[in-house]
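Below you'll find the structure, written out as structure tokens, and then a few comments.
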Amino acid sequence: MSELIYLARRYPLGVAGGLILVVFVFVAIFANAIAPLDPLTTNPKASLAPPGNTYLLGADMMGRDVLSRLIHGARISLAVALGATLIGSGLGALLGLASGYVGGWFDLVVQRLAEIMQSLPLLVMALVITASLGPSLTNTIIAIAIPLIPNVARVIRANVLSLRELNYVEAARAIGMRNSRIALLHVMPNTLAPLIVLATAQLGSTILTEASLSFLGLGVPEPYPSWGRMLSESAAEYMRSAPWLVIFPGVAISLVVFGANLFGDALRDYLDPRMGD
């Protein structure tokens, strides 16, 4: 308990960011119980109803409750962000481990491919992949995960290149341990700290990318509520007449990205004390 208090005092912004993420994750998990109304139910009579007793955050152009759609939108947006981050970081870590430990022509090919992929911004690559695969929840996760792979692979490779020359790795080779076993059991665990920091830092960018894809109509399709789609449906036409349709999804996106960045920065400082000096 004393250690938690110490960490909270040393990294107050990180704790604040973590609490923001915990709140949104809680809301996403229990969305069915928390949401006051069905996010898909329409009511033409309540079209563009302002915030009030029945609709706490107002209603959209189809009479759907904005609060309920925000709550269920948290489930979609966080699911896409977490899924893409886990898949991209996992595949990138394995590729970086193999590239750094095997070396030779394999490392050369992997690094050239990584450089080609990194020459394009994350959003541009995600747009190309989503346009090719089509809009769906699974395809959106894949489209965001693939551009994350080269960045993670290069970071893990840099760590593996230094780790594979250490004494404990040489000792494992000397006793006849297989290279695959050395890489997975002795080298990979020592790359987890930078991997966790990198994955946490990328969480905010994946949320923004999902919102951007949904805003452009290439993300999660209807009828699933998504924060980016909520913005795309109302930003141009209803910004002046019904500003709550734009303000509340924008605030939700900003809070999650802000919390993820604060938590990622604190986690980086905690796992790498040199960054906090």
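For reference, positions follow the sequence shown, starting with 1.
Two residues are said to be in side-chain contact when any heavy atoms from C-beta on lie closer than 4.5 Å; Leu56 and Pro51 fail this criterion. Using a 4.5 Å heavy-atom threshold, the side chains of Asp107 and Val102 count as separate. Side-chain atoms of Met117 and Arg112, non-hydrogen and from C-beta on, never get closer than 4.5 Å to each other. By the 4.5 Å heavy-atom criterion applied to side chains, Ser205 and Leu208 are not counted as neighbours. A 4.5 Å side-chain heavy-atom check between Leu203 and Phe263 finds every atom pair outside the cut-off. Looking at heavy atoms from C-beta onward, Leu113 lies out of side-chain contact with Pro150 at the 4.5 angstrom threshold. Between Leu70 and Val27, the closest side-chain pair of non-hydrogen atoms is not below 4.5 Å. You'll find the side chain of Ser89 reaches within 4.5 Å of the side chain of Gln202, heavy atoms only.
Smallest separation of non-hydrogen atoms from Val152 and Gly92: CG1-C, 3.8 Å. Smallest separation of non-hydrogen atoms from Leu161 and Gly100: CD2-O, 3.5 Å. Nearest heavy atom pair, residue Ile175 against residue Ala172, reads CG1-O, 3.2 Å. Listed here is the closest heavy atom pair of Val160 and Gly96: CG2-O, 4.4 Å. In terms of heavy-atom proximity, Ile196 sits nearest to Leu267 at CG2-CD2, 3.4 Å. Of all the heavy atoms in Leu67 and Pro36, the pair that sits closest is CD2-CG, 4.0 Å.
A continuous path of Ile, Leu, Val, Met, Phe, Trp and Tyr side chains, each step under 4.5 Å between heavy atoms, connects Ile142 with Met125, placing both in one hydrophobic cluster. The cluster map of Ile, Leu, Val, Met, Phe, Trp and Tyr, joined by side-chain heavy atoms under 4.5 Å apart, puts Ile146 and Leu95 in different clusters. Under the 4.5 Å side-chain heavy-atom criterion for grouping Ile, Leu, Val, Met, Phe, Trp and Tyr, Ile207 is not connected to Ile129 through any hydrophobic cluster. When hydrophobic clusters are built by joining Ile, Leu, Val, Met, Phe, Trp and Tyr residues whose side-chain heavy atoms come closer than 4.5 Å, directly or via intermediates, Phe26 is grouped together with Val251. Following chains of ILVMFWY side-chain contacts shorter than 4.5 Å, one cannot reach Val110 starting from Leu184, and the two form parts of different hydrophobic clusters.
Between Val256 and the options Leu78, Asn261, Ile20, a side chain to side chain contact (heavy atoms under 4.5 Å, CB included) holds for only Leu78. For the side chain to side chain contact (heavy atoms under 4.5 Å, CB included) test with Thr209, the passing option among Leu148, Ile144, Thr130 is Ile144; the others fail.
Taken from CG in Leu123 to CG in Leu127, the straight-line distance is 4.5 Å, to the nearest 0.5 Å. A distance of 11.0 Å separates CG of Leu163 from CE of Met188, quoted to the nearest 0.5 Å. Distance check: Thr41 OG1 to Arg69 CZ gives 10.5 Å after rounding to the nearest 0.5 Å. In this structure, CG on Leu94 lies 10.0 Å from CD1 on Ile149, to the nearest 0.5 angstrom. Note: Asp38 CG to Asn32 CG = 9.0 Å, rounded to the nearest 0.5 Å. Annotation: the span from Arg75 atom CZ to Ile34 atom CD1 amounts to 9.5 Å, rounded to 0.5 Å.
Using a distance-only test at 3.5 Å, with no hydrogens or angles considered, a donor-acceptor pair links the side chain of Ser47 to the main chain of Met61. Side-chain atoms of Arg154 never come within 3.5 Å of backbone atoms of Gln111 as a donor-acceptor pair (strictly under, hydrogens ignored). Judged by distance alone, the side chain of Arg64 and the main-chain N or O of Pro39 form no donor-acceptor pair under 3.5 Å. Panel note: side chain Asn139, backbone Leu133; a donor-acceptor pair is recorded below 3.5 Å. Ser77 contributes no side-chain N or O that, together with a main-chain N or O of Ala74, makes up a donor-acceptor pair within less than 3.5 Å. Distance alone, capped at 3.5 Å, places no donor-acceptor pair between the Trp227 side chain and the Gly250 backbone. With hydrogens and angles ignored, the 3.5 Å screen pairs a side-chain donor or acceptor of Trp244 with a backbone N or O of Ala59.
Side-chain contact annotation: Thr191 with Asn159, donor-acceptor N/O pair under 3.5 Å absent. Side chains of Thr140 and Glu210: no donor on one and acceptor on the other come within 3.5 Å. With 3.5 Å as the limit, one finds a donor-acceptor pair spanning the side chains of Asn190 and Tyr168.
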After noting the C-alpha distance and the side-chain angles of Leu13 and Asp265, does the key distance pass the side chain to side chain contact (heavy atoms under 4.5 Å, CB included) rule? CA-CA 9 Å; Leu13 294 179; Asp265 288 343; over 6 Å; no
Can you list the steps and then say if Val66 with Leu245 is a side chain to side chain contact (heavy atoms under 4.5 Å, CB included)? CA-CA 7 Å; Val66 172; Leu245 298 182; 3.7 Å; yes
Start with the C-alpha gap between Asn179 and Arg173, add the side-chain angles, then the distance that decides, and say whether side chain to side chain contact (heavy atoms under 4.5 Å, CB included) holds. CA-CA 8 Å; Asn179 284 330; Arg173 291 198 192 101; 4.2 Å; yes
Intermediate values then yes/no, side chain to side chain contact (heavy atoms under 4.5 Å, CB included), Leu166 and His186: CA-CA 11 Å; Leu166 297 181; His186 296 285; over 6 Å; no
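Sparse packing is recorded around CZ of Arg181, with 12 or fewer heavy atoms of other residues, nucleotides or ligands lying under 6.0 Å away. Counted within 6.0 Å of CZ on Arg178, heavy atoms from surrounding residues, nucleotides or ligands total 12 or fewer; the atom is thus considered open.
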